[in-house]
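For reference, the structure discussed in these notes is given below.
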There are 2 protein chains.
Amino acid sequence: MVNSENTKAQMRKGVLELCILSILSQGDAYPTEIIEKLKETKLVVVEGTLYPLLTRLKNTGLLTYRWEESTSGPPRKYYMLTEIGVTYLKELHLSWYELVDAVNKTINKQD
Amino acid sequence: MVNSENTKAQMRKGVLELCILSILSQGDAYPTEIIEKLKETKLVVVEGTLYPLLTRLKNTGLLTYRWEESTSGPPRKYYMLTEIGVTYLKELHLSWYELVDAVNKTINKQD
DNA sequence: AATTAGTACTATGTGTTGCAAGGTACTAAA
DNA sequence: TTTAGTACCTTGCAACACATAGTACTAATT
């Protein structure tokens, strides 16, 4: 039996970084909020994936964060893009479009 | 220092399977030939990546192969899609378009 | 006939990543 | 004070791409 779920998961890899940076470029957000926004566009991500990724992006200087009190629970960690992050995001945008172009060319070739 | 090369490599992951199956749907091919075709569309893949992937696809029943003599070197292993492979490729096509759509939605959202 | 270059296939070890699973901590309502 | 809800964090595992090194076959050169 062949299962395409695994491959679909594989295809998602690598684009998460792009998506998270994109979401943050539209405004600061805390992890649970980011997961919600990704769900809206059918990109399901779980905590065990997101938290380590955010930490990695913070450690490489693409993100920073600030704590903010919440009226409905524990404090939230709002992440935001750094200047380096903004620049980097532009590069990733380009890479994404190049990839889409390359794959579509390969898929559609009928010669 | 931030390096987008790594992320670009990550984004390529997962779509390779789709690309290889697509190439084979256009006609049987041997590994070196597949690498050449991928290069044409700017998807650089090396042997250490391709051979294990082909073996995996063969073991899951998506591909088979036949040996064919060559006049300019050792015999070539021509890979071809099985019926299951053809069906599976259609699924992957869909998954790919869904992913592109989801990512583009996330990227382009400006609300 | 032996060596070299070119082509082709194969195997091993490593680093990165996504994810499942489990855990901690704060707030508010019952 | 217990329970439910929200939020953040850690650990261990499996899959994958890739670098590296190696084997084997053919043909041309010496």
Side-chain angles (χ1 to χ4, degrees), chain A residues 2-21 28-39 43-60 63 65-79 92 99 102-103, chain B residues 2-21 28-39 43-60 63 65-79 92 99 102-103:
Chain A
V2 183
N3 181 3
S4 74
E5 288 313 308
N6 190 21
T7 306
K8 284 166 78 170
Q10 282 301 316
M11 295 204 305
R12 273 205 305 274
K13 284 191 184 184
V15 301
L16 272 184
E17 204 174 306
L18 167 63
C19 290
I20 289 164
L21 293 177
D28 306 350
Y30 62 100
T32 308
E33 200 180 352
I34 294 173
I35 289 176
E36 278 308 310
K37 293 203 176 193
L38 285 171
K39 226 181 253 167
L43 275 171
V44 178
V45 176
V46 294
E47 295 182 323
T49 301
L50 186 62
Y51 283 95
L53 180 51
L54 286 173
T55 303
R56 198 166 68 243
L57 294 174
K58 186 207 66 184
N59 289 341
T60 52
L63 301 181
Y65 66 81
R66 65 168 190 279
W67 285 103
E68 208 165 283
E69 295 299 318
S70 164
T71 53
S72 63
R76 296 165 175 173
K77 211 171 179 177
Y78 277 84
Y79 283 91
L92 282 195
L99 178 70
V103 173
Chain B
V2 183
N3 181 5
S4 73
E5 288 311 309
N6 190 23
T7 306
K8 285 167 76 172
Q10 284 301 319
M11 293 204 303
R12 272 206 307 275
K13 284 190 186 186
V15 300
L16 272 184
E17 204 173 306
L18 167 62
C19 290
I20 289 163
L21 293 177
D28 306 350
Y30 63 100
T32 308
E33 199 179 352
I34 294 173
I35 289 177
E36 277 308 309
K37 292 201 176 194
L38 286 171
K39 224 180 255 166
L43 274 171
V44 177
V45 176
V46 294
E47 294 183 322
T49 301
L50 186 61
Y51 282 95
L53 179 50
L54 286 173
T55 303
R56 198 167 68 242
L57 294 174
K58 186 207 63 183
N59 289 340
T60 52
L63 301 181
Y65 66 82
R66 64 169 191 279
W67 285 102
E68 208 165 283
E69 296 299 319
S70 164
T71 53
S72 62
R76 295 164 176 173
K77 214 169 176 179
Y78 277 85
Y79 282 90
L92 282 195
L99 177 70
V103 173

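The chains referred to below are lettered A, B, ... by the order of the sequence lines, with proteins before strands, and numbering in each begins at 1.
For the helix from C/dA1-D/dT30 to C/dA30-D/dT1, the axis fitted to the five pairs at one end and the axis fitted to the five pairs at the other end meet at an angle of 20° (nearest 10 degrees).
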### Summary
Letter by letter from the 5' end, nucleotides 19-25 of chain C scores (B base, S sugar-phosphate only, - none; protein heavy atoms under 4.0 Å) BBB----

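Residues B/R56 and B/L53 share a closest heavy-atom pair of NH2-CD1, 2.8 Å. B/L99 and A/M11 get closest at one heavy-atom pair: CD2-O, 3.4 Å.
Every residue was checked against the salt bridge (Lys or Arg N to Asp or Glu O under 4.0 Å) condition with A/E33, not counting sequence neighbours, and none meets it. Under the rule for a side-chain contact (heavy atoms from CB on, under 4.5 Å), the partners of B/R66 that lie at least two apart in sequence or sit in another chain are B/D28, B/E68, B/Y78, B/M80. Scored by the side-chain contact (heavy atoms from CB on, under 4.5 Å) test, A/S72 finds A/S70, A/R76 as partners (sequence neighbours excluded). Not counting sequence neighbours, the partners of B/A102 by the side-chain contact (heavy atoms from CB on, under 4.5 Å) test are A/L43. Evaluation of the side chain to side chain donor-acceptor pair (under 3.5 Å) rule for B/E17 yields A/T7, B/Y88 as partners, not counting sequence neighbours. Residues satisfying the salt bridge (Lys or Arg N to Asp or Glu O under 4.0 Å) test with A/K39, not counting sequence neighbours, are A/E36. Partners of B/Y51 according to the side-chain contact (heavy atoms from CB on, under 4.5 Å) rule, which considers only residues two or more places apart in sequence or in another chain, are B/P31, B/T32, B/E47.
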N/O-N/O pairs, protein side and nucleotides 28-30 of chain C side, under 3.5 Å:
none

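A donor-acceptor pair is defined here as one N or O able to donate and one able to accept, closer than 3.5 Å; no such pair exists between the side chain of B/T49 and the backbone of B/V45.
The side-chain heavy atoms of B/I35 and B/V46, taken from C-beta on, include no pair separated by under 4.5 Å. In this structure, A/I20 and A/L50 have side chains that are in contact, with non-hydrogen atoms separated by less than 4.5 Å.
Both the sub-6.0 Å distance and the 45° axial angle are not jointly satisfied by A/K77 relative to the ring of A/Y30.
OP1 or OP2 of C/dC9 has at least one side-chain nitrogen or oxygen of B/Y51 nearer than 4.0 Å.
Mapped onto DNA chain C by nearest heavy atom, B/Y65 and A/E69 fall at different nucleotides, with B/Y65 at the one closer to the 5' end.
Protein atom CZ of A/R56 is 9 Å distant from nucleotide atom P of C/dT16, rounded to whole Å. The interatomic distance linking A/E17 (CD) with C/dG18 (C1') rounds to 13 Å, in whole Å.
Here chain B contacts DNA chain D (any atom closer than 4.0 Å to a heavy atom, that is under 4.0 Å), and the contacts span D/dC16 to D/dA27 from 5' to 3'.
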